Amino acid sequence: MAAMRTLGLAEESSRGFDRMWASMIRTGRDVPEVLATEAYVQVVLDAQKPDVEFVKGLARLAARFGAEVSESVDSLIVLWHLNTAPLITEKTVKEKTQTSTREANELMEELVERGVLEPVRDAKEWFLSPESRQLMGQAGEGEIATVSIQEWVEAKLADGEALQSAEVAEYAGISTQQAGNILRHLRDLGRAKIDPAGPPRGRGTRWIKA
């Protein structure tokens, strides 16, 4: 492998993937798709129409919070996710950045310290700060950036978690009846369903992604 590196046929630091991921995100495009088998590894880069507003917002974030925000591939991955999702969980950070729990939390702590993100209460979940949302064009002037209850529920379900009405009620500070109404509304939209592995009704009922 040292000889391969000397000939320029291999990289010991394995920066090629990071460069591809960063370049695609910086230009407002989805991250590459990797198809791996025992015989080969194929990387597909989609020449889709770029998200120009994201590119502009990213430039504003870098000017406000520092160039590191747009230079770190892990930061870019988090921001690209939050461009369309209301929040990101620790589990999603680890999966998308392929880092350990400690590394993922250090990344998020740094982004919170910079003011780019804000934590969701005491949970291992984060969303764009009000200033970041404005810089990214996701909030109007003076608009209070909050994660709606329904968006929070959908994000948790999409992350593979099962929720009970009591958990939603505790998070949002609403009654269990109101929480149940939200879950049933998502069921009617085809976005949630009752976990068949649990009780079909009552306090122990769990809801999962449909």
Side-chain angles (χ1 to χ4, degrees), residues 21 25 30-36 51 54 73-113 116-130 132-133 136 138-139 143-210:
W21 260 245
I25 295 175
D30 286 331
V31 298
E33 179 183 0
V34 179
L35 306 174
D51 187 336
F54 173 81
V73 65
D74 291 339
S75 294
L76 288 169
I77 290 172
V78 169
L79 292 172
W80 182 247
H81 175 87
L82 290 173
N83 187 46
T84 55
L87 57 80
I88 188 167
T89 65
E90 179 185 74
K91 178 182 177 182
T92 300
V93 175
K94 290 168 57 181
E95 289 178 350
K96 288 184 175 289
T97 62
Q98 296 186 21
T99 54
S100 65
T101 299
R102 180 176 179 178
E103 291 172 321
N105 280 281
E106 287 178 349
L107 167 67
M108 304 311 282
E109 287 172 6
E110 180 182 350
L111 291 173
V112 169
E113 289 177 1
V116 179
L117 304 180
E118 287 188 5
V120 178
R121 298 194 178 186
D122 296 325
K124 293 294 184 179
E125 300 159 357
W126 301 265
F127 61 96
L128 289 173
S129 67
S132 293
R133 284 176 60 88
M136 294 296 289
Q138 296 185 14
E143 180 181 346
I144 299 176
T146 58
V147 180
S148 74
I149 302 172
Q150 182 171 320
E151 287 177 324
W152 180 83
V153 170
E154 289 192 75
K156 298 286 280 186
L157 296 180
D159 206 33
E161 296 191 32
L163 292 174
Q164 295 181 340
S165 297
E167 293 174 313
V168 178
E170 182 180 359
Y171 162 79
I174 59 178
S175 68
T176 54
Q177 182 178 0
Q178 290 173 307
N181 290 338
I182 292 172
L183 291 165
R184 283 188 288 273
H185 174 64
L186 290 174
R187 178 188 59 190
D188 294 340
L189 294 175
R191 301 175 187 173
K193 65 180 181 180
I194 293 176
D195 186 354
R201 61 180 65 85
R203 292 186 177 182
T205 301
R206 298 190 302 269
W207 294 78
I208 59 176
K209 182 180 178 181

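Just so it is clear, the structure is predicted and the values come from calculations on it, not from any experiment.
- Between the CE atom in M108 and the OG atom in S75 there is a gap of 8.5 Å [rounded to 0.5 Å].
- A salt bridge links E106 with R102: at least one charged nitrogen is closer than 4.0 Å to a carboxylate oxygen.
- When every heavy atom of A192 is checked against every heavy atom of A210, the shortest pair comes out as N-CB, 3.5 Å.
- For the atom pair L157 CG and I208 CD1, the distance stands at 8.5 Å (nearest 0.5 Å).
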Let me have the donor-acceptor pairs involving side chains of residues 183-191, under 3.5 Å, with sequence neighbours excluded, atom names and distances please.
residue : atom : partner : partner atom : Å
R184    : NH2  : N181    : OD1          : 2.8
R191    : NH1  : E154    : OE1          : 3.4
R191    : NH1  : E154    : OE2          : 3.3

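- Within the 4.5 Å cutoff, the side chain of N105 has no heavy atoms near those of the V93 side chain.
- To the nearest 0.5 Å, atoms OG (S165) and CD (Q178) are separated by 11.5 Å.
- Residues satisfying the salt bridge (Lys or Arg N to Asp or Glu O under 4.0 Å) criterion with R201, sequence neighbours excluded, are absent altogether.
- With rounding to the nearest 0.5 angstrom, the CG atom of L111 is 6.5 Å from the CG atom of L79.
- Residues V116 and V78 form no side-chain contact, since every pair of their non-hydrogen atoms from C-beta on lies 4.5 Å or further apart.
- Here the side chains of W126 and V112 are in contact, with some heavy-atom distance below 4.5 Å.
- Residues E118 and P130 come closest through the heavy atom pair OE2-CD, 3.1 Å.
- Within a 6.0 Å sphere centred on CD of Q98, other residues, nucleotides and ligands contribute 12 heavy atoms or fewer.
- Applying the ring pair (Phe, Tyr, Trp, His ring centres under 6.0 Å) test to residues at least two apart or on different chains, the pairs with a partner in residues 78-100 are F54-W80.
- Between the side chains of K156 and T89, not a single donor N or O lies within less than 3.5 Å of an accepting N or O.
- D74 CG to L107 CG: the interatomic distance, rounded to the nearest 0.5 Å, is 5.5 Å.
- For the pair D159 (side chain) and E161 (backbone), a donor-acceptor distance under 3.5 Å is absent.
- A 4.5 Å side-chain heavy-atom check between W207 and I194 finds at least one atom pair inside the cut-off.
- Across every non-hydrogen atom of T101 and K94, the tightest pair is OG1-NZ, 2.8 Å.
- To the nearest 0.5 Å, atom CD1 of residue I77 and atom CH2 of residue W21 are 8.0 Å apart.
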